[in-house]
Number of protein chains: 2
Amino acid sequence: MPNKPATIKDIAKALKVSISTVSKALHNHPNIGAITKERVLAMAKQLDYTPNITAIQFKQQKTFTLGIIVPTLLDHFYIHAVNGFEEVASKAHYTVLIGQNQESLQREKELVSVMQGNRIDGLLIAMSKETSNLDHLRKLERAGIPVMFFARKPVNETYSCVSSDVYHAAKDAVDLFVSRGHQRIAIINGPSHWTTSRDRYLGYRDGLLKNGLSPDQELICESDLTTTDNYKVLRKLMRLTDPPTAMLLFKDYLMLDIMTCLRTEFPNRYLITELIGYGALPLFSHFERPPLASLKEQPFQIGVKAGSLLLDMIKNPHQSRKPKLISLPCKLHYFKEL
Amino acid sequence: MPNKPATIKDIAKALKVSISTVSKALHNHPNIGAITKERVLAMAKQLDYTPNITAIQFKQQKTFTLGIIVPTLLDHFYIHAVNGFEEVASKAHYTVLIGQNQESLQREKELVSVMQGNRIDGLLIAMSKETSNLDHLRKLERAGIPVMFFARKPVNETYSCVSSDVYHAAKDAVDLFVSRGHQRIAIINGPSHWTTSRDRYLGYRDGLLKNGLSPDQELICESDLTTTDNYKVLRKLMRLTDPPTAMLLFKDYLMLDIMTCLRTEFPNRYLITELIGYGALPLFSHFERPPLASLKEQPFQIGVKAGSLLLDMIKNPHQSRKPKLISLPCKLHYFKEL
DNA sequence: TTGTAAGCGTTATCAA
DNA sequence: TTGATAACGCTTACAA
């Protein structure tokens, strides 16, 4: 027998006061009598009153809902980012809608449209691999809904973005490789139209130069991050006359493929090739032979930072909107004793 | 310059018709003129009209939002379940709110409260490990919000639940162990107050009996699924005078701990002990020495099934509400060539 | 076939 | 300090 939840009207009736009095009492409005306020609060409790959020959302023309779109939740990086985002959001009494674009632009557009339909107050997004045209996001901004990027951002676009400082991380990785005697250091990067790929490359290049090595075109690779392509890229590298003995990898998930391909197809190179990826997946602690190291990012903190910036943009909609580019440091995480 | 979205009022004004005419035209209401309807639809498109969901939710006293609470999104089982759930939900034009209880009853209560505040129309939940008292869920049901369980359900409670058929899966695992010559087969189970643990045990027991083996109390263990406890349980098993040579494990995540502990602390038992868990984690394909097998569940289908049952309950709120217990088959997945 | 008007729960403006 | 009332956008019973 689901009985209807109590409304301020019910409280007003029970107390024989007006609904505006009740509303004010419930909101600590300045000009309200102390005793009246007490009575209202008591009656609210007695009737188990919960404000009807749908009514408030409707009235305020504001949903207190934020959207976050990630490529997939199967990547723990994004889970942690979502969790950080939710933490700041819920502290500010916002609810979070989560969407996965599954690396499909089509799906991403649908998500944006559904979220816009749900009247989100702001959006945080890590675009799909297919996303190069940003019209669906511009449409949001035109409707007054601020958009912030994280992890992935298109090159040559002036949006705000929070990501990892992959540049310095790449330099650190190269330093470690060189200190271990490596000369032939390859990089397998992600899509080149993302700033996060470009920055990895720049860090890699500057790391080499700093150590007196010159970048070799045949050691600079790009994968679309599918297993097929990961394997293809590795095979090409291994068939060079002078194959690399060290590789910097865009992601630990890519590293998994590389390790397996190395082990099964190039067993003689397996033990002499050292790897560093991004992500520091905890599962490597269960490996008999873990990779050399990984660049540990701070996805939770990225979510937190992006969330608070987004909330700022929502609070101050008429700000100058100078795009902010924030990057949080990575840390080299060793899986092996050095 | 965020201009306000168009409303049916704007359409009505532009066309000099009444708002109810517009509303009806937009909803294919039977008695509406074909030409009027055309004009309305055209104008709606021209003004880029999007219905204001907050107004509809408010008016209909229905949010078209479902909640799903999982222990953690870091477990891929729950991601797939969420995805299945979202699929049926979005087909029925429902939005999904996702919450993680992080195995904390306190957190779970807060989530339920927030979701109730957001006026969800139904909830799907896999309770936290701490949840034994279901008052917070009963409160939801009393408010007319149907609740459905999945994956985990308390013993002795008459709620509907969709889960894996872990009973037959356990029997299959025992069969495989026996066929490979094992006599000392242990089980490390999850919390005993869940039906999913009890059913695993029953399948394990019946599997042994069926194969002419009798259950041995010292081989029947329970872990709270923390790494500490997982290690503790394994050490106890390995120190028996006649340790098991095969183990059925509650989850693949538990299996990871068991494998690592075996390898590092009991290397002489590592190669002779065969393991089967639940989950069939894809990452095992990257292992040099993967476990024997895993019982592959169907989390996506579980989400789908639970979602459609929940939608049924929402559509027919005055049904008899006989709790339904559904379990979907698992399949033995071999990591090694047999 | 189309229009009028009430009402959903809340907030806010203005009057008492 | 309190109360009456309009408004938010939409659906719907009923009237025209």
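Numbers restart at 1 for each chain; the letters A, B, ... are given by sequence-line order, proteins then strands. All of these numbers come straight from a predicted model, not from anything done at the bench.
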J.: Of all the nucleotides listed (C/dT11, D/dT11, C/dT10), which has the minimum atom distance to the side chain of B/Q60?
T.: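 Of the candidates, D/dT11 comes closest.
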J.: Just checking A/T54: base, sugar-phosphate only, or nothing, at a heavy-atom cut-off of under 4.0 Å?
T.: nothing
J.: Base, sugar-phosphate, or nothing for A/I32, non-hydrogen atoms under 4.0 angstrom?
T.: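 Sugar-phosphate only.
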J.: Please confirm whether the shortest side-chain N or O distance from B/T7 to OP1 or OP2 of D/dG9 is below 4.0 Å.
T.: no
J.: Return yes if a side-chain donor-acceptor contact under 3.5 Å exists between A/E108 and A/T131, otherwise no.
T.: yes
J.: Heavy-atom distance under 4.5 Å between the side chains of B/H136 and B/L105, does that happen here?
T.: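 Heavy-atom side-chain distance check passes, below 4.5 Å.
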J.: Do B/F58 and the base of D/dC10 stack face to face, with centres under 5.5 Å apart and an angle between planes under 30°?
T.: no
J.: Which nucleotide in the set C/dT2, C/dA12, D/dT11 lies at the smallest distance from any side-chain heavy atom of A/S20?
T.: C/dA12
J.: Give one of base, sugar-phosphate or nothing for A/K9, where a contact means two heavy atoms less than 4.0 Å apart.
T.: sugar-phosphate
J.: Using a cut-off of 4.0 Å on non-hydrogen atoms, how would the nucleic acid contact of A/N52 be classed: base, sugar-phosphate, or nothing?
T.: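 Since only primed, P, OP1 and OP2 atoms lie under 4.0 Å of A/N52, the category is sugar-phosphate.
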J.: Between A/N83 and B/Q100, is a side-chain hydrogen bond (donor to acceptor under 3.5 Å, both in side chains) present by the stated rule, with each step listed?
T.: CA-CA 9 Å; A/N83 289 347; B/Q100 301 172 71; 2.7 Å; yes
J.: Can you identify which nucleotide, out of D/dC8, D/dC10, D/dT12, has its nearest atom closest to the A/Q61 side chain?
T.: D/dC8
J.: Please determine, by modelled atom types, if A/K37 and A/N28 share a side-chain donor-acceptor pair under 3.5 angstrom.
T.: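 A/N28 and A/K37 do have a side-chain donor-acceptor pair below 3.5 Å.
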J.: Toward the 5' end of DNA chain C, which comes first, B/A34 or B/I19, by nearest nucleotide?
T.: B/A34
